[in-house]
Structures are given as C-alpha cells and as structure tokens.
Amino acid sequence: GAGVSQTPSNKVTEKGKYVELRCDPISGHTALYWYRQSLGQGPEFLIYFQGTGAADDSGLPNDRFFAVRPEGSVSTLKIQRTERGDSAVYLCASSLNGGRNTEAFFGQGTRLTVV
Amino acid sequence: GDSVTQMEGPVTLSEEAFLTINCTYTATGYPSLFWYVQYPGEGLQLLLKATKADDKGSNKGFEATYRKETTSFHLEKGSVQVSDSAVYFCALPVSSGSARQLTFGSGTQLTVLP
C-alpha cells in the first residue's frame with residue numbers, strides 16, 4: 001500500500017486477555033518502530049526492528065509485551081494478560097533504512113481499550 | 001539523555017493570527033530536529049525538519065529555525081487557518097545502541113476558530 005497500515009483501528013478487550021496488533025509498513029522499508037501514545041502525551045518508543053530482528057526492545061514496559069517481524073515486513077505486537085494501564089494508542093512507523101535523519105512514516109494507530 | 005520540552009497547550013487562536021509553539025531540546029551532538037502534526041482522525045505526519053544548526057525548515061506556511069545557541073526549534077506561522085487545527089509534536093532522533101528512535105514532546109493542541 002501507499003502508507004503504513006495498522007489493524008485493527010480499534011480494539012476493546014477484557015482485562016487479562018491476549019491481544020495482537022498488526023502493522024504493515026511501506027514496501028521496501030527495512031526499519032519498523034512501535035510506539036505507544038497515552039492520552040495527552042507524545043508517542044513513547046517501544047521497539048525497533050531492522051529487517052527481521054529486534055535491534056532495540058528497550059522501550060517494552062515488561063515481559064507481557066512482545067513483537068515479531070518474521071519476514072522483515074509485517075510486524076505484530078503481542079500483549080499478554082492485558083491490564084487497564086495498557087490502554088493507549090499503539091503507533092507503528094517505518095523508515096527506509098533507520099538512519100538517524102531519515103523520515104519515519106506513521107500509521108493511524110490502533111486504539112486499545114482494556115476494560 | 002536526549003529530550004525535548006514543548007510548550008504545553010491547548011492553544012486557541014482566531015483565523016489569521018500569528019502562531020508560535022515553543023520547543024527546546026537537550027541532545028548529544030547536533031541531531032536533526034522535526035515537527036510532526038497529527039490532524040483529527042489521522043496518523044502522525046512529518047511537517048518539517050532541519051538537519052543542522054541555523055537551518056530553517058518550512059512547509060505549508062510553517063517555519064522553524066534550528067537555534068544551537070538557545071537549543072530551540074520553535075514552530076511559527078504568520079497566519080493560521082481553521083485547517084491547521086491539530087496536535088503538533090516536536091521530536092528529535094536519539095541513538096541508543098543501534099536504535100534510531102524518535103523522542104517526542106508532549107504535544108500542543110492547536111484550535112483555530114473562524
């Protein structure tokens with residue numbers, strides 16, 4: 001597609017359930033990022049992929065969060081045993097090569113609500 | 001560590017008013033600086049960027065100058081329009097190992113009234 005696509009756009013889940021959030025980056029972009037945006041805040045970094053490997057997962061808040069990118073394109077963010085504090089908008093971005101000054105293109109996000 | 005501090009909102013202006021949104025940064029070296037915009041119901045979009053000191057980024061009538069001496073990258077527009085209503089984020093790339101993630105300010109909500 002022309003831009004970064006994220007599905008679903010909205011997800012409501014019960015506390016304790018497992019969720020998967022999908023990101024389809026711009027074709028040819030090797031770098032992929034996940035961010036989390038809480039209400040009234042700027043996006044906060046979660047994890048960065050270069051190709052298939054997670055080059056930096058230092059932003060993941062705890063071991064309930066995990067992300068994969070098995071073929072170097074689509075990525076899935078997985079959250080186990082969801083908690084109400086996980087409610088936020090999860091943003092995915094991709095860039096051509098992950099260079100420090102390279103523009104990152106963002107998807108519209110998945111709004112996760114844990115009830 | 002590297003960070004940005006952004007003027008808090010919300011900001012409400014009348015159409016054709018002058019806009020300034022302040023952003024200051026702390027960084028190692030001289031990274032590029034970015035302004036992103038988030039229109040209602042849309043994803044973050046790059047508005048403008050500057051790659052080195054004294055550079056001026058500009059787009060859609062918005063401007064921001066990379067000021068090394070004041071470590072600032074304030075966003076300005078001479079005459080805002082209703083369509084400029086959005087949330088604006090200042091950002092800079094940080095290096096952590098092999099990562100090149102962005103660190104963002106907290107965002108400034110701008111509402112322009114007709």
Side-chain angles (χ1 to χ4, degrees), chain A residues 1-7 9-10 23-26 29-60 67 88-111, chain B residues 1-11 21 23 25 27-53 55 57 59 66 73 86-109:
Chain A
V4 177
S5 175
Q6 290 187 247
T7 55
S9 54
N10 281 284
C23 172
D24 200 340
I26 293 172
H29 281 193
T30 62
L32 185 146
Y33 307 80
W34 283 98
Y35 290 82
R36 180 167 70 174
Q37 187 175 15
S38 299
L39 191 64
Q41 299 297 316
E44 294 179 325
F45 170 74
L46 295 177
I47 187 169
Y48 159 66
F49 286 91
Q50 182 58 255
T52 59
D56 187 339
D57 63 359
S58 62
L60 295 177
V89 176
Y90 289 82
L91 299 172
C92 178
S94 70
S95 72
L96 185 61
N97 55 22
R100 194 178 189 195
N101 300 320
T102 304
E103 180 179 353
F105 295 84
F106 284 80
Q108 294 190 5
T110 294
R111 181 176 299 279
Chain B
D2 295 359
S3 64
V4 292
T5 301
Q6 188 174 340
M7 169 179 138
E8 296 197 6
V11 174
I21 300 177
C23 172
Y25 67 90
T28 304
Y30 302 105
S32 292
L33 298 171
F34 301 88
W35 276 100
Y36 277 81
V37 60
Q38 192 168 35
Y39 297 104
E42 298 185 18
L44 277 168
Q45 304 173 22
L46 179 65
L47 178 61
L48 56 83
K49 70 178 183 180
T51 58
K52 61 183 186 295
D55 262 6
N59 186 27
Y66 190 153
F73 192 54
V87 183
Y88 293 81
F89 295 92
C90 186
L92 70 88
V94 296
S95 295
S96 174
S98 60
R100 298 291 184 268
Q101 71 266 32
L102 293 166
T103 189
F104 288 85
S106 57
T108 301
Q109 171 81 55

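Each chain gets a letter, A, B and so on, in the order its sequence line appears, and its residues count up from 1. Reckoned from all heavy atoms, side chains included, excluding hydrogens, waters and symmetry mates.
- The two atoms that bring B:Phe89 and A:Gln41 nearest to each other are CE2-O, 3.9 Å, heavy atoms only.
- Of the listed residues A:Gly40, A:Gly42, A:Pro43, A:Gly109, the one with more heavy-atom pairs under 4.5 angstrom with chain B than any other is A:Pro43.
- Note: A:Tyr35 OH to B:Leu44 CG = 9.5 Å, rounded to the nearest 0.5 Å.
- In this structure, CG on B:Leu46 lies 9.5 Å from CZ on A:Phe106, to the nearest 0.5 angstrom.
- In this structure, chain B has no heavy atom under 4.5 Å from any part of A:Ile47.
- Remark: B:Gln101 CD to A:Tyr48 OH distance equals 9.5 Å, nearest 0.5 Å.
- For the set A:Gln50, A:Glu103, A:Glu44, A:Gln6, the count of heavy-atom pairs under 4.5 angstrom toward chain B peaks at A:Glu103.
- In this structure, chain A has a heavy atom under 4.5 Å from the side chain of B:Gln38, while its backbone stays farther away.
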